[in-house]
Enquirer: 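First the structure, which I've put down as structure tokens, then a few questions once you've had a look.
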Amino acid sequence: MKEMLLGVPVSNFTYKQLIDQLFNRMDEGKKSFIVAINPEKIMKAQKDRALLKLLNAADYQIPDGVGLIIASILKGGKLRRRVTGIDMMMTLCQAAADRNKRVFLYGGKPGVAEQAKAGLEELYPDIVITGVMDGYVKDQNLITKTINEASPDIVFVALGSPTQEYWIVNNMHHLSAKVFQGVGGSFDVISGRVKRAPAFFQTIGLEWLYRLMKEPKRWKRQIILPVFLYKALKE
Ligand code: UDP
């Protein structure tokens, strides 16, 4: 159930299938690392072997960018729906609340993870968030000690990409938590500091256009889409 795009596997699972698998693995004591994939990360990995290896090391590479769906359609693949990092996080939080699993939030500017915690507690009254830590603490021992003492089952890491993914592979094996997801700027959105694109833009796959209008300097990140599609078709 994975499709390769320029050397990067992309999982073709629905949110429900992902949740079922993640919780089954958790019950079996297995660890899972979730990374959100978009054309920008795949293109970066073409020139960066370590990053390519890192993206391959994840257990679930979710198709976060609409560019991946377009590439898959053009290549006759099976990917049809995005699984975005933030929606995956929200779905995991809902499932954690339903199944009594504990959550930790690591990353973001000081104060943001606390606000995201409050936002999640309002959305999912049964959620248990056992701790938060901002993304500017430098003492690695303090970070891992704090997380282990909070004994979460799921850790969301919001340090930006690829820092958060490197942090996960380097630390997941000395942490007792089972599920690790890199979530980029999601705490900023959940805390209400940054607005997500309106639902309309999300449904028609134009979230990138909304973000481009809000932050025109993102064009440099987005210009790679046609190059990505060309390369993906040619491979
Ligand atoms: N961040 C952090 N520590 C750092 C650098 C960044 O916690 O040393 C946080 C930052 O506050 C922001 C997130 O990482 O909340 C990066 O968000 P961005 O939208 O840039 O993520 P990306 O687009 O890389 O997924």
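Order of listing sets the numbers, starting from 1, for every ligand and every atom in it.
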Enquirer: Would you please write out the protein residues whose heavy atoms approach any atom of ligand 1 to under 4.0 angstrom, listed by chain and number?
Expert: G107, G108, K109, G135, Y136, A158, L159, G160, S161, G184, G185, D188, R221

Enquirer: Which pairs, with at least one residue in residues 102-112 and sequence neighbours excluded, count as a salt bridge (Lys or Arg N to Asp or Glu O under 4.0 Å)?
Expert: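 Of all non-adjacent pairs touching residues 102-112, none passes salt bridge (Lys or Arg N to Asp or Glu O under 4.0 Å).
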
Enquirer: Please check: side-chain N/O of N171 versus main-chain N/O of Q140, any donor-acceptor pairing under 3.5 Å?
Expert: no

Enquirer: At what distance, to the nearest 0.5 angstrom, does CZ of R25 lie from NZ of K178?
Expert: 11.5 Å

Enquirer: Do D48 side-chain atoms and K44 backbone N/O form a donor-acceptor pair below 3.5 Å?
Expert: no

Enquirer: Begin with the C-alpha distance, continue with both residues' side-chain angles, and end with the deciding distance and a verdict on ring-ring contact (aromatic ring centres under 6.0 Å, His included) for W167 and Y106.
Expert: CA-CA 11 Å; W167 186 88; Y106 167 44; 4.9 Å; yes

Enquirer: Say you draw a straight line from CD1 of I34 to CD1 of I37; how long is it, rounded to the nearest 0.5 Å?
Expert: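 Going from CD1 on I34 over to CD1 on I37, the span is 12.0 Å.
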
